[in-house]
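Chain naming here is simple, since letters A, B, ... match the order of the sequence lines and numbering starts at 1 in each.
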Amino acid sequence: MRYSNCFIPTLRDVPADAEVISHQLLLRAGYIRRVTSGVYDYLPLALRVLRKIEAVIREEMNRAGAQELLMPMVQPGELWEKSERMEKYGPELLRFTDRHSHESCLGPTHEEVICDLVARELRSYKQLPMNLYQIQSKFRDEIRPRFGLMRGREFIMKDAYSFHADADCLAAEYDKMFATYQRIFTRFGLKFRPVEADTGSIGGSDSHEFHVLADSGEDLIAHCADCDYAANVEKAISVRPCISATPAALSVVETPGVSSVEDVAGFLSVDIGQLVKTLIYRIQGGAQDGAIVAACVAGDDQLQEIKLAHVAGADSVEMATDDDIASIGGVTGFVGPQQLSVRVLVDNRLHGATGLIAGANRRDAHVAGLDFGRDVPEAEFVDLRETRAGDRCSRCGGEMQLSRGIEVGQVFALGKRYTEPMEVLFQDRQGKRSVATMGCYGIGVSRLMAAIVEQCNDEAGISWPLALAPFQVGLISMGRSDAVRQTSEAIYRQFLEAGIDVLWDERNERPGVKFKDFELIGLPFQVVVGDRGLKEGAVEIGWRQQSRSSVPVADVVRVALSELEQARSSEAVN
RNA sequence: CGGGGCAUAGCGCAGCCUGGUAGCGCAUCUGGUUUGGGACCAGAGGGUCGGGUGUUCGAAUCACCCUGCCCCGACCA
């Protein structure tokens, strides 16, 4: 492309409302523009990058035996009624009614539609397994879109769905997809990590997320320094000894006006880990919808609400109100686990601990010498605490560390969560009707583009991996002499003939402007044609942000191509 | 939805406290000089000061309401 024909609206200043680097650079370099909250235009440069990302994903998915199809964005409400997600999915599902009063929604994901399709066509086990995928726009009415492409409401996703005759076959496909994802993210040159994950609103049993490591990431992941255990903190299990004091009889201590764990520990001069935090929650969804539960963790731990929701059989939990707390025999600020009229779930770390301090369920008082086994016999021990840096690994005893990550992919072994209600049935080898087993596998394509920018940037702008850059070569004409113009054009044509994406900057701009723009938008390789070099019959070539070398005009394209080829093969990991 | 902040030209900002008819840098357009790392000179265009109501002789400025955006929390690719 000739630069003067391109729509590349670059900005010198950083837009004030862009917080993270990927958002700033994609805006500044003319890749994206906001249309409305969480919804963006992908400008020509962005589309070029997206197409290249998609090409890699397609290649790997196809290699793994998956087939591409395309499903609609508009989906009928009845499908969601059938899977029982019409209610469960909540306000994130954008619903609307058409002129015939049919309930419809914009697809946030496609389990319903694909199950409906497969259920209609699937007859025999001989048709299985099968893995179908698409790359398509999704819409989720996020509570708080932010960070540009990192959390949009409309975004591009690659979503794959596999169907199987049995659990073993699903397990094999899950492993294959896991390996495929490793290959994909490796090909993008990313520092990433697969971690065990919660299944969230999608449901199912096993799940792994793929996180690109970045400080701007919204997720916290825990990983062992010594073994390969890694998990989202929503799920990570780790070990830390409990601080327990010498056993003692249960006694009441007056703690006037002192209620937070920090204050109580200070007031009584004890380690904060010796206290018990008793948190009261109201359950949402599930069989116990609306019920209240008590959850206890050590004073120096944080409760992980997602874990609580799971053990309580809930979709989610929310902090109880003061009235709720009073209704079960507690006193806000002084709640303790004893004699509450609800289920008491206690974190495993407190199992066997003695001499603990907890609220007394009476204003201005705590109890000391608490021993769950003796004083709260109905307590159920479960994993509730959030992993902290420095915990011991639950597998090998190594040290746990925390990192921030951007979730760019997730794989799920769904089992029959959708195929059962959606009636995805087939005749098995014995001639019996059987429910198919399912897996699903997503990659956030537009988010991935942002995640790559988070990892690939410097002072000057974006530094795309060669394989993803919108143009691999930036050809800069310096000066307006006929010699420069003609030589540039000849080189430009040769690159085009060689099938190289080249952006030729033939604008009547000063060199500085051209260099800055190319570095901002992130073109990896530069070819510079100027009168100074042409006097010696040479032009300069070189990688972005590195020094350039002179090459005779006649050899430029050949040398450049071989440099590009070399870089390509060292970048590619097969 | 709860908590915090912001809204003035395409982008970045000043002006507001102490009301008096809107300004700076960059970008854009015209002419000229420049052309090896975001040029210079001269001129020009572009703003219902987010919207509404009120106070006032007079509101970007003061008051109230609304809307939008950004950040922190719950959600997720």
Can you check whether any acceptor in the base of [N] is under 3.5 Å from a donor in the side chain of [X], or vice versa?
{"X": "Asp13(A)", "N": "G25(B)", "value": "yes"}
{"X": "Asp219(A)", "N": "C76(B)", "value": "yes"}
{"X": "Arg447(A)", "N": "C76(B)", "value": "yes"}
{"X": "Glu509(A)", "N": "G38(B)", "value": "no"}
{"X": "Arg34(A)", "N": "G68(B)", "value": "no"}
{"X": "Arg548(A)", "N": "G37(B)", "value": "yes"}
{"X": "Arg151(A)", "N": "C76(B)", "value": "yes"}

Donor-acceptor pair, Glu60(A) side chain versus Tyr181(A) backbone, under 3.5 Å?
-> no
Just by modelled atom types, is the Arg146(A) backbone N or O under 3.5 Å from a matching donor or acceptor in the Arg151(A) side chain?
-> no
Base, sugar-phosphate alone, or nothing: which one does [X] contact when heavy atoms must sit under 4.0 Å apart?
{"X": "Glu519(A)", "result": "base"}
{"X": "Val408(A)", "result": "sugar-phosphate"}
{"X": "Gly409(A)", "result": "sugar-phosphate"}
{"X": "Tyr441(A)", "result": "nothing"}
{"X": "Gly148(A)", "result": "nothing"}
{"X": "Met478(A)", "result": "base"}
{"X": "Ser37(A)", "result": "sugar-phosphate"}
{"X": "Val445(A)", "result": "nothing"}
{"X": "Glu540(A)", "result": "base"}
{"X": "Asn508(A)", "result": "base"}

Mind calculating the distance between [atom1] ([X]) and [atom2] ([N]) to the nearest angstrom?
{"X": "Ile476(A)", "N": "G38(B)", "atom1": "CD1", "atom2": "P", "result": "13 Å"}
{"X": "Glu92(A)", "N": "A74(B)", "atom1": "CD", "atom2": "C1'", "result": "11 Å"}
{"X": "Met150(A)", "N": "C75(B)", "atom1": "CE", "atom2": "C1'", "result": "16 Å"}
{"X": "Arg532(A)", "N": "G37(B)", "atom1": "CZ", "atom2": "C1'", "result": "11 Å"}
{"X": "Lys138(A)", "N": "C75(B)", "atom1": "NZ", "atom2": "C1'", "result": "18 Å"}
{"X": "Leu220(A)", "N": "C72(B)", "atom1": "CG", "atom2": "P", "result": "14 Å"}
{"X": "Lys88(A)", "N": "C75(B)", "atom1": "NZ", "atom2": "P", "result": "15 Å"}
{"X": "Gln304(A)", "N": "C75(B)", "atom1": "CD", "atom2": "C1'", "result": "13 Å"}

Using Watson-Crick or G-U wobble geometry with both distances under 3.5 Å, which nucleotide pairs with [N]?
{"N": "C26(B)", "value": "G10(B)"}
{"N": "C69(B)", "value": "G5(B)"}
{"N": "U55(B)", "value": "none"}
{"N": "G46(B)", "value": "none"}
{"N": "U35(B)", "value": "none"}

In whole angstrom, give me the gap between the [atom1] atoms of [N] and [M].
{"N": "C13(B)", "M": "G3(B)", "atom1": "C1'", "answer": "28 Å"}
{"N": "C72(B)", "M": "A27(B)", "atom1": "C1'", "answer": "34 Å"}
{"N": "U61(B)", "M": "U8(B)", "atom1": "C1'", "answer": "11 Å"}
{"N": "A39(B)", "M": "G25(B)", "atom1": "C1'", "answer": "16 Å"}

Kindly state whether the ring of Phe178(A) and the ring of Phe210(A) have centres lying under 6.0 angstrom apart.
-> yes
G38(B) pyrimidine/purine six-ring stacking with Phe515(A), under 5.5 Å and 30° | no
Any Arg146(A) side-chain nitrogen or oxygen under 4.0 Å from OP1 or OP2 of C72(B) = yes
If you pin Pro511(A) and Glu234(A) to their nearest nucleotides in RNA chain B, which one's is more 5'?
-> Pro511(A)
Using heavy atoms to find the nearest nucleotide of RNA chain B for Gln526(A) and Pro15(A) separately, return the residue whose nucleotide is more 5′.
-> Pro15(A)
N-O pairing of [X] and [Y] below 4.0 Å:
{"X": "Asp159(A)", "Y": "Lys138(A)", "answer": "yes"}
{"X": "Asp482(A)", "Y": "Arg485(A)", "answer": "yes"}
{"X": "Glu111(A)", "Y": "Arg417(A)", "answer": "no"}
{"X": "Asp301(A)", "Y": "Arg388(A)", "answer": "yes"}

Ring-face cation of Arg48(A) near Phe471(A) (centre distance under 6.0 Å, axis angle within 45°) | yes
